[in-house]
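Residue indices begin at 1 and follow the sequence shown.
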Amino acid sequence: MTLRPPCSLLPPNKELGKMTLRPRGLLPPDKALVKRWEREQASLRKQVVEEDTEEWQRCPAFSGLKRIGGVDLSYIKGDDVNACAQLVVLSYPDLKVLYEESQMVTLTAPYIAGFLAFREIRYFLEALRRLERSQPGLLPQVVFVDGNGLFHYREFGLACHLGVLSGLPCVGVAKNLLHVQGVARGAAHSSRIAGLRSGGDSFPLTVDSGKVLGKALRSSDGSTKPVYVSLGHKISLDTAVRLTHLCCRYRVPDPIRQADLRSRRYLRKHFPS
């Protein structure tokens, strides 16, 4: 599989280069910027493919799937500008690390809830392109993202954004429930979580419109707290949930877990303070 050409990247935003980043939540977000990002999300949302597109996705044992990617961005405590962008590629089904890259990056976009992709995605795309240039045989066939996909305020979370711009199948896996279109944490939701008896059990996240945007998944027998799975691009929800479960030796799927562990290890080594 070849990534989409570099022109698929969002063009650099000149206004962002002039911004002074601020600690999260201290000032209201720029309304013009939010509107522009909303338009870009709406435009890209039309390109999301919500079904299985690859031959391996249609096989009960995922025959043909050999490489799974995971991405993560880890921040330095007290620093809202510098971060470590991490890409890992794991073998499947044994989940051994085949490739890893830790790259320090300087963030140029502000943090605004619901628009995380505009802050982080370019660094993941750049990492994938470096891998494609240097070792194309290790390019992942699917990428796991620590965040949401279709289960998002505007049905276009980080996993969708990365999938559309890279052309790769993507899965979003969030550790916390995003309150979306009537789905919220409460007694009813907690009761359904309690009904997840063993690893692989799940229930749908159905929004006010009646559409299922994701699923809560008990990812392993040893974890009682679910993760929230939603498709990102070029994969169906059922396939995304099944693959997530098979990639979980602990609560969080190994591609995301390894990306997080290695980015944090890099920061501890190079920024011990």
Side-chain angles (χ1 to χ4, degrees), residues 1-10 37-59 62 64-73 85 87-90 92 114-129 131-132 139-174 178 180 204-205 207 211-215 217 227-247 253 255-256 259:
M1 181 179 292
T2 302
L3 293 178
R4 291 172 58 164
C7 62
S8 65
L9 284 166
L10 291 176
W37 283 356
E38 285 178 344
R39 289 193 298 270
E40 290 184 16
Q41 283 182 331
S43 176
L44 292 171
R45 170 68 180 89
K46 298 174 184 177
Q47 301 179 45
V48 173
V49 177
E50 301 178 34
E51 59 189 34
D52 295 328
T53 60
E54 312 303 311
E55 196 63 38
W56 60 264
Q57 296 167 336
R58 303 183 179 94
C59 300
F62 293 132
L65 177 60
K66 303 297 183 184
R67 301 173 307 281
I68 300 179
V71 293
D72 188 54
L73 202 71
L87 168 65
V88 297
V89 180
L90 276 58
Y92 185 84
F115 300 94
L116 182 63
F118 292 94
R119 185 166 169 82
E120 297 188 350
I121 195 169
R122 68 176 56 189
Y123 310 110
F124 299 149
L125 288 167
E126 289 168 358
L128 287 166
R129 295 197 190 286
L131 173 58
E132 185 182 32
L139 194 68
Q141 295 162 278
V142 59
V143 180
F144 276 84
V145 175
D146 182 8
N148 292 287
L150 212 61
F151 188 67
H152 178 267
Y153 308 115
R154 287 165 298 280
E155 298 185 16
F156 196 75
L158 178 58
C160 296
H161 215 134
L162 181 60
V164 169
L165 292 187
S166 70
L168 296 172
C170 284
V171 177
V173 181
L178 193 67
V180 173
L205 301 172
V207 298
K211 186 174 182 179
V212 175
L213 294 185
K215 287 190 175 183
L217 168 70
V227 293
Y228 298 95
V229 182
S230 53
L231 68 90
H233 184 53
K234 297 175 72 173
I235 191 168
S236 69
L237 178 58
D238 287 344
T239 299
V241 169
R242 191 160 59 90
L243 181 60
T244 299
H245 173 54
L246 292 175
C247 288
I256 295 173

**Fill in**
Nearest heavy-atom contact between Gln141 and Gly64 is NE2-O, 3.0 Å
**Nearest atoms (heavy-atom pairs only) where Leu231 meets Leu237** = CD2-N, 3.8 Å
**Prompt:** Taking only residues two or more places apart in sequence, or in another chain, which ones meet Asp52 in a side-chain hydrogen bond (donor to acceptor under 3.5 Å, both in side chains)?
**Reply:** Ser236, Thr239
**Request:** Please tell me if the side chains of Phe124 and Leu165 come closer than 4.5 Å, counting only heavy atoms from C-beta onward.
**Result:** no
**Message:** So, using side-chain hydrogen bond (donor to acceptor under 3.5 Å, both in side chains) as the criterion, who are the partners of Glu51 when residues are at least two apart?
**Reply:** none
**Message:** If we check side chain to side chain contact (heavy atoms under 4.5 Å, CB included) with Val143, which of these qualifies: Val89, Leu162, Ile256?
**Reply:** Leu162
**Message:** Has Ser43 got a side-chain atom pairing as donor or acceptor with Arg39's backbone, closer than 3.5 angstrom?
**Reply:** no
**Prompt:** Which atom pair, heavy atoms only, marks the closest approach of Pro255 to Ile68?
**Reply:** CG-CG2, 3.5 Å
**Fill in**
Sorted by chain and number, sequence neighbours left out, side-chain hydrogen bond (donor to acceptor under 3.5 Å, both in side chains) with Gln41 holds for Arg154
**Request:** Give the minimum heavy-atom separation between Pro140 and Gly69, together with the two atoms involved.
**Result:** CB-N, 3.4 Å
**Prompt:** Hey, does Asp146 have a side-chain heavy atom less than 4.5 Å from the side chain of Val71?
**Reply:** no
**Asked** Which atom pair, heavy atoms only, marks the closest approach of Gly149 to Ala159?
**Response** CA-CB, 3.8 Å
**Message:** With a 3.5 Å distance limit and no angle check, can you tell me whether His233 reaches the backbone of Gly167 through a side-chain donor-acceptor pair?
**Reply:** no
**Message:** Tell me the closest heavy-atom pair linking Leu213 and Ser230, and the distance in Å.
**Reply:** O-CB, 3.4 Å
